[in-house]
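Structure first, commentary second.
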Amino acid sequence: MTGRQILFSKKSFLFGLLALFCVRSFCLSKYSTTELFYSYLKNDPDLKNYMLELEKAKLEYDGTAIEKGVDLTLSTGTVTLKTADGGTKLEAKPSLSVSIPAASGLTLSASGTETVTENSSSTKDLSLAVGISLISEETAQRKLALEKARRSVLEAERNLKNEGINSENEFYSYLKDILEESRELVELQLTLYDDTIDFEKKKAQGYAETSSTYRLAQLKVVSDEHDIETARRELLRDYMIFYKECGLECDFTVETDFLSLVPEDIQTVTALDIESFSPDSYDETEEAIWNHKINKMERAASKTFTLGLSGGYTFDNSNTGSDTADAGLSSTIGGLSLYGGVSLPVDGSANPSYTASATLKPNTFRKNKITKKKNSVSEEIELLAIETSRKNLGTTILASKQTLSDIQWEKESNRQNYEMYEKLEKELAVWYEQGLITESEYLSAKTNAQKYKLSLVINDIEMIIYNDDVSVMFTEQL
């Protein structure tokens, strides 16, 4: 008796045909889906990179906060050492300045000229001054820099969160592809089964082995067997690559029982309601709103008019030969820069000292007009981007709801088919044992039940992928 004749004997036919797919497995390591997923995350280089990027963004924010905080500067100034027959003379011009951008650009400073000889020391032009920017870019620029630094940290946190979601999406997408290959293998077995039964009928009808009808039926069976072997090898390859991506080794072979690898621990998740998210948290809209906000701040920070006030006290002012109380006013109007100052002797023994300066850059006025028009156009573009993103959200919601509807419909259809074939398989198993039906009828029901059970697992994975796709669309987390 040939191997094929043994296959079609009463009992061995059933188990022999199923063995084409569910053969003895040589793989002793079957991991849970959770174990595979955590291992996949652990081996995701992009996830590690985003964690480092977040740490870097936080450090850069700390650096910006220091840079835009209280700034203290100490300087020795120019130190001059002179030697002569009369002795050695040391002269220095030390200074101290403190800048506080958060306090309207408040600056405090002290400077002077210190002269030291072998017999004496003296201080001239010792000046204590305070300055404040009544109208300037400094405070606004500080807020702008800190806001950008905070945004960088926020975006790094979102990128890390989204990479975690994308990793889950990639993991389940890979798993779904493998299970779809397994389902295709089941369908190939059904084709082989039907063609084998047809071939046996041709032999029973007495067709000669040399006849075209016999040979055509035989070639179908051979071709089906080849297709199954090819599909098994492709499935083995993809399983090995998948496990490698998870950082795991597997001992699968072409004889592995791939049906035993179908996960049974896939959680059934509830679909996210895409309309429950805030429209402004839609990623495209949120980014457009942010761009408009930060650009508006940047435009407001650029001043065409500034006004600053300063005051101080100078001991032994070299310009007047006495102590003086000093005051100054500075302003910028477009391309015109003005400064005026006065030093008033406190003892009234000398005349006041006045200083003034003016600088004119005509092209600055022309450039400011152009900049104003550009800013107006830029704002229109930014508002249009916000409006466009809101329209895109409407399209996205429509497409997502249709995708969800398709998944739910397909799952319900697969569930009904599975329940029908499962019930039918149980009934036909009894009838088959009683010899009331053919093997073809029983095996068809059993294999179809396996097919739709596998399809239900795929549907659960599709729902996880759907939720991931929706989650990354929004910056808000439900």
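The basis for the numbers below is simple: all heavy atoms, side chains too, and nothing from hydrogens, waters or symmetry mates.
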Taking only Lys NZ, Arg NE, NH1 and NH2, and the carboxylate oxygens of Asp or Glu, determine whether E155 and R151 approach each other closer than 4.0 Å.
-> yes

Rounded to the nearest 0.5 angstrom, the CD-OG distance for Q141 and S302 is 7.5 Å

Here the gap from I458 atom CD1 to E180 atom CD, rounded to the nearest 0.5 Å, amounts to 5.0 Å

Have D224 and T191 got a donor and an acceptor in their side chains that come within less than 3.5 Å?
-> no

Check the pair E55, K58 against side chain to side chain contact (heavy atoms under 4.5 Å, CB included), reporting the backbone distance first and the verdict last.
-> CA-CA 5 Å; E55 184 178 352; K58 289 180 177 179; 5.9 Å; no

Gap separating the OG atom of S455 from the CG atom of D460, nearest 0.5 angstrom | 11.0 Å

When you measure from the side chain of N295 to the backbone N and O of N291, does any donor-acceptor pair fall under 3.5 Å?
-> yes

Atom OH of Y172 and atom CD1 of I464: how far apart are they, to the nearest 0.5 Å?
-> 4.0 Å

Do any N or O atoms from the side chain of S413 and from the backbone of W409 form a donor-acceptor pair under 3.5 angstrom?
-> no

Minimum-distance pair of heavy atoms, taken over all atoms of F199 and A217 | CD1-CB, 3.7 Å

Enclosure of R150 CZ (heavy-atom neighbours >12, cutoff 6.0 Å) | yes

Pairing of E181 and R237 as salt bridge, 4.0 angstrom limit | no

Report yes or no: do N368 and T304 form a side-chain donor-acceptor pair below 3.5 Å?
-> no

Crowding at CE, M420 (>12 non-hydrogen neighbours, <6.0 Å) | yes

Pairwise side-chain contact, S400 with L404, heavy-atom cut-off 4.5 Å (strictly under) = no

Is T475 reaching over with its side chain to a backbone N or O of S281, donor-acceptor style, under 3.5 angstrom?
-> yes

Below 4.5 Å, heavy atoms only, C-beta onward: do P263 and V457 meet side chain to side chain?
-> yes

Could you tell me whether the side chain of N414 and the main chain of E410 form a donor-acceptor pair under 3.5 Å?
-> yes

So do the side chains of N448 and N417 get within less than 4.5 Å of each other, counting heavy atoms only?
-> no

Does the distance from a Lys or Arg side-chain N to an Asp or Glu carboxylate O, for E147 and K293, drop under 4.0 Å?
-> yes

Do the non-hydrogen side-chain atoms of R390 and D280 ever get within less than 4.5 Å of each other?
-> yes

Side chain of T332, backbone of F305: donor and acceptor closer than 3.5 Å?
-> no

Note, Y282 side chain near M473 side chain (heavy atom, < 4.5 Å) = yes

Flag for N159-E53: side-chain donor and acceptor within less than 3.5 Å = no

What heavy-atom pair brings E168 and D468 nearest, and what distance separates the two atoms?
-> OE1-OD1, 2.5 Å

pair Q218-K202: side-chain heavy atoms closer than 4.5 Å = no

Answer yes or no: are there more than 12 heavy-atom neighbours, outside Q267 itself, under 6.0 Å from its atom CD?
-> no

Any side-chain heavy atom of T268 within less than 4.5 Å of one from M463?
-> no

Assess whether side chain to side chain contact (heavy atoms under 4.5 Å, CB included) is satisfied between L52 and K48, documenting all intermediate values.
-> CA-CA 6 Å; L52 293 174; K48 297 176 183 178; 5.7 Å; no

Quick check: are there more than 12 heavy atoms from other residues, nucleotides or ligands sitting under 6.0 Å from OH of Y38?
-> no

Under the side chain to side chain contact (heavy atoms under 4.5 Å, CB included) criterion, do L192 and V221 qualify, and how do the steps go?
-> CA-CA 6 Å; L192 173 63; V221 172; 4.0 Å; yes

Salt bridge (charged side-chain N to carboxylate O under 4.0 Å, His left out) between E380 and K373, worked out | CA-CA 11 Å; E380 288 185 29; K373 292 179 180 180; over 6 Å; no

Can you name the nearest heavy-atom pair linking L41 to G164, along with the distance?
-> CD2-O, 4.4 Å

Determine whether the side chains of N375 and E379 contain a donor N or O and an acceptor N or O closer than 3.5 Å.
-> no

Once you round to the nearest 0.5 Å, how far does CD of E462 lie from OG of S173?
-> 10.0 Å

If you draw a 6.0 Å radius around NZ in K143, do more than 12 non-hydrogen atoms from other residues or ligands fall strictly inside?
-> no

Heavy-atom neighbours of R215 CZ exceed 12 at 6.0 Å | no

Correct closest heavy-atom pair for L188 and A231 would be CD1-CB, 3.7 Å

Decide whether Q416 and E412 meet the rule of one side-chain donor and one side-chain acceptor closer than 3.5 Å.
-> yes

May I ask you to decide if the ring planes of Y442 and Y432 are parallel, tilted or perpendicular, using 30° and 60° as cut-offs?
-> parallel

Using a 4.5 Å cut-off on heavy atoms from C-beta on, say whether the side chain of Y339 contacts that of T359.
-> no

Using the six-membered ring wherever Trp is involved, compare the ring planes of Y239 and F258 and label them parallel, tilted or perpendicular (cut-offs 30° and 60°).
-> parallel

Exercise: identify the closest heavy-atom pair between E170 and Y40 | OE1-OH, 3.3 Å

Will you find, in the side chains of Y452 and E422, an N or O donor that is under 3.5 Å from an N or O acceptor?
-> no

Only residue of R232, R233, H226 satisfying side-chain hydrogen bond (donor to acceptor under 3.5 Å, both in side chains) with E229 is R233

Any donor and acceptor pair, going by atom type alone, linking the side chain of T64 with main-chain N or O of E60 inside 3.5 Å?
-> yes

Name the orientation class of the two ring planes belonging to F242 and F171 (parallel below 30°, tilted from 30 to 60°, perpendicular beyond 60°).
-> tilted

How many angstroms lie between CD1 in I381 and CD1 in I386, if you round to the nearest 0.5 Å?
-> 12.5 Å

Indicate the atoms forming the closest heavy-atom contact of L179 with L454, along with that distance.
-> O-CD2, 3.7 Å

Give the intermediate values and the outcome of side chain to side chain contact (heavy atoms under 4.5 Å, CB included) for residues D283 and R158.
-> CA-CA 10 Å; D283 186 62; R158 288 175 182 171; 5.6 Å; no

